2 protein chains.
Amino acid sequence: MEAAKHSPAQFQALLESKGLKYTYERKMIFDEVSHLKEHFDADSLYERFKGKGRRISRDTVYRTLPLLLESHVIQKSAGAGKREFFERIGRKGHHDHMICIKCGKIIEFQCEEIEKLQEKKAQEFGFKLTFHDHRLFGTCKDCQHG
Amino acid sequence: MEAAKHSPAQFQALLESKGLKYTYERKMIFDEVSHLKEHFDADSLYERFKGKGRRISRDTVYRTLPLLLESHVIQKSAGAGKREFFERIGRKGHHDHMICIKCGKIIEFQCEEIEKLQEKKAQEFGFKLTFHDHRLFGTCKDCQHG
DNA sequence: ATCCTATTCAGATTTAATCTTAATAGGATT
DNA sequence: AATCCTATTAAGATTAAATCTGAATAGGAT
Ligand SMILES: [Mn+2]
Ligand SMILES: [Mn+2]
Ligand SMILES: [Zn+2]
Ligand SMILES: [Zn+2]
């Protein structure tokens with residue numbers, strides 16, 4: 001049997017390490033994010049709490065997302081437009097994105113070697129890596145016609 | 001003797017390939033960007049044209065930057081706050097950035113291996129790479145105290 | 001000269017994200 | 001239990017980065 005898929009352990013650990021509390025609102029947000037399978041932005045997440053038991057303010061959502069990022073519950077993602085997108089780091093694990101500048105299509109890719117090189121480079125500078133944002137822009141197969 | 005440092009050739013080539021004109025404004029913007037040594041954002045670039053011969057509108061600046069990106073005259077960069085930052089790809093060549101989430105310090109790094117792996121990954125998907133944005137977030141040496 | 005299309009201008013508009021002020025929660029102290 | 005104290009949140013106002021709109025301009029083609 002697997003470990004619980006969406007354990008708040010890492011999140012709680014981060015909060016504790018920062019002297020922050022695992023409040024009702026942070027629980028709620030963690031929980032909502034945990035079962036999201038797709039890319040999402042802060043505002044759409046906020047909207048999800050409307051009509052649910054307790055209302056959660058937009059600001060609380062915006063303030064909680066960086067904490068979830070830092071605890072590796074979510075990662076930066078990619079989406080249409082200028083909004084910041086996120087996604088849960090689920091069973092498919094961490095990955096990065098290619099974005100077609102013509103049609104907006106988003107392709108996910110994984111590259112363990114790049115991840116390691118990143119870590120190595122950070123170490124060279126004495127930099128402690130917490131998360132990253134790696135996006136490749138260009139033209140997808142379908143948009144290269146010819 | 002070196003080739004002209006800030007030749008508009010690549011930029012002009014891109015414009016031509018897209019059926020766009022090398023207008024006075026695009027010339028001016030190219031020229032201004034060409035001698036910028038530091039990271040900059042769209043609005044600060046726009047401000048630079050105030051008090052110079054001809055006024056250039058904010059919109060023209062915003063519309064020209066993606067063209068400069070695509071022709072590899074500039075690259076995405078990193079800066080404080082939420083603005084998009086850019087910088088000329090000059091003699092130090094292409095590089096990426098680490099950003100300290102505590103003090104905001106920005107460290108530049110280069111990694112030829114990562115660049116190659118990126119290209120390889122793109123090819124796997126039939127994706128034609130034009131530019132990328134690779135930023136590492138974490139804590140710099142000075143901010144890890146202890 | 002007239003037409004035609006791409007481009008630019010100036011300023012209005014949009015809206016993602018942050019800020020402000022007051023209310024609330026919940027633990028510590030008496 | 002009542003009071004105090006600090007962290008946190010709510011609600012809505014505000015900011016400002018980027019885009020949009022509609023009119024003016026440039027410059028090539030006919
Ligand atoms: Mn993804
Ligand atoms: Mn740089
Ligand atoms: Zn495409
Ligand atoms: Zn730092």
Side-chain angles (χ1 to χ4, degrees), chain A residues 11-12 14-32 39-70 74 76-86 99 101 104 133 137, chain B residues 11-12 14-32 39-70 74 76-86 99 101 104 133 137:
Chain A
F11 184 41
Q12 282 176 292
L14 179 89
L15 293 177
E16 191 168 5
S17 83
K18 300 203 147 195
L20 303 173
K21 291 171 189 168
Y22 189 47
T23 63
Y24 173 86
E25 289 80 6
R26 287 173 179 151
K27 259 195 272 281
M28 290 290 283
I29 293 169
F30 171 85
D31 212 61
E32 191 67 30
H39 299 182
F40 65 90
D41 62 73
D43 223 63
S44 72
L45 179 57
Y46 162 67
E47 294 291 336
R48 289 183 148 264
F49 291 106
K50 295 197 170 169
K52 292 203 177 187
R54 192 140 127 204
R55 186 176 178 67
I56 297 205
S57 81
R58 185 191 313 277
D59 204 44
T60 297
V61 171
Y62 273 91
R63 278 183 291 102
T64 304
L65 285 169
L67 298 171
L68 289 169
L69 260 188
E70 211 175 333
I74 61 176
K76 289 210 181 198
S77 182
K82 59 195 160 179
R83 276 194 160 142
E84 278 251 54
F85 271 74
F86 305 90
I99 299 124
I101 57 183
D133 186 5
F137 295 88
Chain B
F11 184 41
Q12 283 176 292
L14 179 90
L15 292 176
E16 190 168 7
S17 82
K18 299 200 147 196
L20 303 173
K21 291 169 188 170
Y22 190 47
T23 63
Y24 173 85
E25 289 80 7
R26 286 173 181 151
K27 257 194 273 281
M28 291 289 283
I29 293 169
F30 171 85
D31 212 59
E32 190 66 31
H39 298 182
F40 64 91
D41 61 74
D43 223 63
S44 73
L45 179 58
Y46 162 68
E47 294 291 336
R48 288 182 148 266
F49 291 106
K50 295 198 171 169
K52 294 206 176 185
R54 193 142 125 203
R55 185 178 177 67
I56 298 205
S57 79
R58 184 193 312 278
D59 204 43
T60 298
V61 171
Y62 273 92
R63 276 184 292 102
T64 303
L65 285 169
L67 298 171
L68 290 169
L69 259 188
E70 210 174 334
I74 60 174
K76 290 212 181 197
S77 181
K82 59 194 162 180
R83 276 196 159 138
E84 278 251 55
F85 271 74
F86 305 90
I99 299 124
I101 56 183
D133 186 4
F137 296 87

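Just so you know, these numbers come straight off a predicted model, no measurement behind them. So that the names make sense, note that chain A is the first sequence line, chain B the second, and so on, each numbered from 1.
One can place CZ of B:Phe85 at 14 Å from C1' of D:dA16, the figure rounded to the nearest angstrom. Regarding A:Tyr22, its OH atom lies at a distance of 12 Å from the P atom of D:dT9, rounded to whole Å. Rounded to whole angstrom, the span from the NZ atom of B:Lys27 across to the C1' atom of C:dT7 amounts to 14 Å. Following rounding to the nearest Å, B:Asp43 (CG) and C:dG11 (P) show an atom-to-atom distance of 15 Å. Atoms NZ (B:Lys21) and C1' (D:dA29) sit 10 Å apart, rounded to a whole Å. Residue B:Leu20 contributes atom CG, which lies 15 Å from atom P of D:dG28 at whole-angstrom precision. Going from atom NZ of A:Lys50 over to atom P of D:dA11 covers 10 Å, rounded to whole Å. For the pair A:Phe49 CZ and D:dT9 P, the interatomic distance rounds to 12 Å; values are reported in whole Å.
When both distances must be under 3.5 Å, the Watson-Crick or G-U wobble mate of D:dA29 is C:dT2. Of the nucleotides present, D:dA13 is the one that pairs with C:dT18 by Watson-Crick or G-U wobble criteria, both distances under 3.5 Å.
Each of D:dA18, C:dA17, C:dC9 was ranked by its minimum atom distance to the side chain of B:Glu84; first place goes to D:dA18.
Regarding contacts with the backbone of C:dA17, a side-chain N or O of A:Tyr62 is found under 4.0 angstrom from either OP1 or OP2. Between D:dA10 and A:Thr60, a contact under 4.0 Å exists linking OP1 or OP2 to a side-chain N or O. The phosphate of D:dA26 (OP1 or OP2) has no side-chain N or O of B:Thr23 nearer than 4.0 angstrom. OP1 or OP2 of D:dT9 has at least one side-chain nitrogen or oxygen of A:Arg26 nearer than 4.0 Å. At the phosphate of C:dT8, neither OP1 nor OP2 sits under 4.0 Å from any side-chain N or O atom of B:Arg55.
Classification of B:Lys27 and B:Asp31 as a salt-bridged pair fails, no side-chain N sitting under 4.0 Å from a carboxylate O.
Among the heavy atoms of the strands lying under 4.0 Å from A:Asp59 is at least one base atom, whether or not backbone atoms are also near.
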Checklist entry - Could you walk me through whether A:Leu20 and A:Arg26 pass the side chain to side chain contact (heavy atoms under 4.5 Å, CB included) check? => result CA-CA 10 Å; A:Leu20 303 173; A:Arg26 287 173 179 151; 3.8 Å; yes
Checklist entry - Would B:Phe11 and B:Thr64 satisfy side chain to side chain contact (heavy atoms under 4.5 Å, CB included), going step by step from the backbone distance to the final call? => result CA-CA 11 Å; B:Phe11 184 41; B:Thr64 303; 4.1 Å; yes
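At least one side-chain heavy atom of A:Leu65 sits less than 4.5 Å from a side-chain heavy atom of A:Leu45.
Toward the 5′ end of DNA chain C lies the nearest nucleotide of B:Glu25, the other residue of the pair B:Arg58 and B:Glu25 mapping further downstream.
Of the residues listed (A:Met28, A:Arg55, A:Glu25), the one engaging A:Phe49 in a side chain to side chain contact (heavy atoms under 4.5 Å, CB included) is A:Met28, and it is the only one.
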